[in-house]
Amino acid sequence: MDSGIRLSKKEMDNSCNLSGMLGVSFNSSMKRPGDPVSRKTPSKTPRKSPGRNGGSSNSSTPGRSTPGDRFIPNRANMDFEYAYHKVVKEALSENESNLMSPTKREYQRALQENLNIHDSRTRILAYNTKAPPTEYHPSNLKVLYSGAKTPGTQKKTIRHIPQVAERILDAPDIMNDYYLNLVDWSTNNHLAVALGPRIYLWNAADGSISHLLDLEGEEYVCSVRWIAEGNYLGVGTSSGEVQLWDVEKPKRLRVMSGHLARVSSLSWNKYILSSGARNGTIFHSDVRVADHLVARSDEHTQEVCGLNWSSDGKYLASGGNDNLLCVWSAQGGECFAGSSPYMSITDHQAAVRAVAWCPWQPGVLASGGGSNDRCIKVWNCNSKNLISSFDTKSQVCSLVWNEQYREIASSHGYPTHEINIWKYPSMMKIAELTGHTERVLHLSLSPDTTTLMSAGADETLRLWNCFPVDPKKKENKSKQAASALRMSIR
């Protein structure tokens, strides 16, 4: 019985060995004629012995998973709704964000902070488990897997600008004419306002109002402009005269004639008063001599509604109803321009009334077009290149630069009737000031550059505290002044 059992067990072992041999030869015999022949070289490395507990050498270590292919996304770590938004809807949301008002954009940012909604994901496909969020970064550079900052540690990027005017003044009978320049603020803190045939002076220091002049008959004031010292006021009239007034006496000093149409724009360059008329001519008058006309510039074919000298006195910018923007250079080191323009720009598609020079970069000019153009363009006049251009979706009436915050304020007509503040050079809108019910024709900055004055066709003047003095910059200026004073005493 035992021998039979042994015999059968031995036969079974032999049959297993035989089946293994047959299996190899059978598989090799089943290959097709075109298949490549694979030959296995016997390994010289000895086989590993079984483990002490009889385990197989192929058994994996408990708790360690086999790494997957790094090019195969990990579906468990993916958010398919987020991926769909990134691929399909993100471009649409970016366009909506660009058209969104700064107030609404700031509201959404504050809402995300308060609800702790922060999206630090930057990839659509997830290949591995993301690294844990870091709590501190030594630099301000973007970290791929950074966690959301707490609202208290986030840096405030948009400063607070009051949305309500600090003061509102009545301006009855102010003319609703896009081509006139009826408001200007002097360095002595006097605001000149033309109301039809009359000019009033408002003292911003004590709030007093004085009457300067009243034209006779059907004449009306078309333009006003202060000299840099702030004691003389140039006045352009509808009859083509340019008058010079001493506001301290008050007394009219002289009348300079020569224009054949109304004088709608004025600009000073030291003792030279440049005036632009309705027929397109620009006169340069020396107010010190009897024969005042020293030069004239003829390039515009229609009314010159924008006129402004740069702060360094090298360039004069003129904008006209002929959609033409001209830049004139001072002739031969003088304070007046020549007969031919330094630059003649035809990029605007409507009247160019808003022209303003950058105070900290005298060669940089901003211009704004009318209702058919609606664009603000920034030019480098030294290189004759266009720096930037963007559509404001509204008629551009006036432009003012602010040096402290490196910003541009623009006033608009139909359809918004608002004031916008843009960050330069990114030209990102950071504020919308509303309140005027009709187009905002004029902007002027206070001598300390903190208050913005707007005059609208709704017969109101509004004072906006848009550019308050930065305490840090004020402290630095006071320190510099104190050190200069010590040096002068020594």
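What you see below is based on every heavy atom in this structure, not just the backbone, and it leaves out hydrogens, waters and symmetry mates. What you see is a predicted model, and the numbers here were worked out from it, not measured in a lab. Numbering starts at 1 and runs along the sequence shown.
- Side-chain atoms of Pro415 and Ser394, non-hydrogen and from C-beta on, do get closer than 4.5 Å to each other.
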Verdict with reasoning, Phe390 to Trp422, per ring-ring contact (aromatic ring centres under 6.0 Å, His included): CA-CA 11 Å; Phe390 61 97; Trp422 315 84; 4.7 Å; yes
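- Looking at His412, its side chain never comes within 3.5 Å of a backbone N or O of Tyr414 through a donor-acceptor pair.
- Of all the heavy atoms in Trp464 and Thr434, the pair that sits closest is CH2-O, 3.4 Å.
- The residue from Asp373, Asp322, Asn323, Asn372 that alone fulfils the side chain to side chain donor-acceptor pair (under 3.5 Å) condition with His348 is Asp373.
- Here the CG-CE distance, from Leu441 to Met175, works out to 11.0 Å after rounding to the nearest 0.5 Å.
- Leu266 pairs in a side chain to side chain contact (heavy atoms under 4.5 Å, CB included) with only one of the listed residues (Val235, Asn181, Leu273, Leu233), which is Leu273.
- Scanning for side chain to side chain donor-acceptor pair (under 3.5 Å) contacts around Thr451 gives an empty result, with sequence neighbours left out.
- The side-chain heavy atoms of Phe283 and Met256, taken from C-beta on, include no pair separated by under 4.5 Å.
- Side-chain contact, Arg278 with Tyr179: no donor N or O sits under 3.5 Å from an acceptor N or O.
- Sorted by first and then second residue, the side chain to side chain donor-acceptor pair (under 3.5 Å) pairs involving residues 187-196 (not counting sequence neighbours) are Trp185-Asn189.
- Distance alone, capped at 3.5 Å, is enough to place a donor-acceptor pair between the Ser265 side chain and the Val304 backbone.
- For Lys270, the NZ atom is loosely surrounded, since the number of other residues' heavy atoms within 6.0 Å does not exceed 12.
- Between the side chain of Arg462 and the main chain of Gly435, a donor-acceptor pair closer than 3.5 Å is present.
- Put simply, the side chain of Trp268 reaches to within 4.5 Å of the side chain of Val287, judged on heavy atoms.
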Intermediate values then yes/no, side-chain contact (heavy atoms from CB on, under 4.5 Å), His442 and Ser398: CA-CA 6 Å; His442 312 282; Ser398 184; 5.6 Å; no
Chi angles and distances behind the salt bridge (charged side-chain N to carboxylate O under 4.0 Å, His left out) call for Asp246, Lys251: CA-CA 5 Å; Asp246 185 349; Lys251 180 182 179 182; over 6 Å; no
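- Within the 4.5 Å cutoff, the side chain of Ser267 has heavy atoms near those of the Asn308 side chain.
- Closest non-hydrogen pair, Arg254 versus Val289, comes out as NH1-O, 2.7 Å.
- Looking at residues two or more places apart in sequence or on another chain, you find a ring pair (Phe, Tyr, Trp, His ring centres under 6.0 Å) between Trp401 and Trp360, Tyr424.
- Not one N or O on the side chain of Ser297 forms a donor-acceptor pair closer than 3.5 Å with the backbone of Ile282.
- Of the possible donor and acceptor atoms, none in the side chain of Ser389 sits under 3.5 Å from a partner among the backbone N and O of Lys377.
- For residues 225-243, the set of pairs meeting the salt bridge (charged side-chain N to carboxylate O under 4.0 Å, His left out) definition, not counting sequence neighbours, comprises Asp184-Arg225.
- With hydrogens and angles disregarded, no donor-acceptor distance shorter than 3.5 Å links the side chain of Glu459 to the backbone of Ala457.
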Step-by-step side-chain contact (heavy atoms from CB on, under 4.5 Å) determination, Thr449 to Glu403: CA-CA 8 Å; Thr449 70; Glu403 183 175 4; over 6 Å; no
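- You'll find the side chain of Gln163 reaches within 4.5 Å of the side chain of Leu433, heavy atoms only.
- Considering all non-hydrogen atoms of both residues, Ala455 and Ile174 come closest at CB-CD1, 4.2 Å.
- Rounded to the nearest 0.5 Å, atoms CG (Leu180) and OG (Ser223) are 8.0 Å apart.
- Closest heavy-atom contact between Leu365 and Cys381: CB-SG, 4.0 Å.
- By the 4.5 Å heavy-atom criterion applied to side chains, Asn321 and His300 are not counted as neighbours.
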Evaluation steps, side-chain contact (heavy atoms from CB on, under 4.5 Å), between Met343 and Tyr315: CA-CA 10 Å; Met343 292 174 62; Tyr315 296 113; over 6 Å; no
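- Of the possible polar contacts, one joining the Asp206 side chain to the Ser208 backbone as a donor-acceptor pair under 3.5 Å is found.
- Contacts of His292 classified as side chain to side chain donor-acceptor pair (under 3.5 Å), with partners at least two apart in sequence or in another chain: Ser285.
- No donor-acceptor distance shorter than 3.5 angstrom exists from the side chain of Thr437 to the backbone of Asp458, with no hydrogens or angles considered.
- Screening residues 330-345 for side chain to side chain donor-acceptor pair (under 3.5 Å) gives no qualifying pairs among residues at least two apart or on separate chains.
- Between the side chains of Ser311 and Trp357, no donor N or O sits under 3.5 Å from an acceptor N or O.
- Side-chain atoms of Arg353 come within 3.5 Å of backbone atoms of Tyr178 as a donor-acceptor pair (strictly under, hydrogens ignored).
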side-chain contact (heavy atoms from CB on, under 4.5 Å) between Lys429 and Thr392, intermediate numbers included: CA-CA 10 Å; Lys429 185 190 293 187; Thr392 64; over 6 Å; no
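- With a 6.0 Å radius and a threshold of 12 heavy atoms from other residues, nucleotides or ligands, Lys314 has its NZ atom at or below the threshold.
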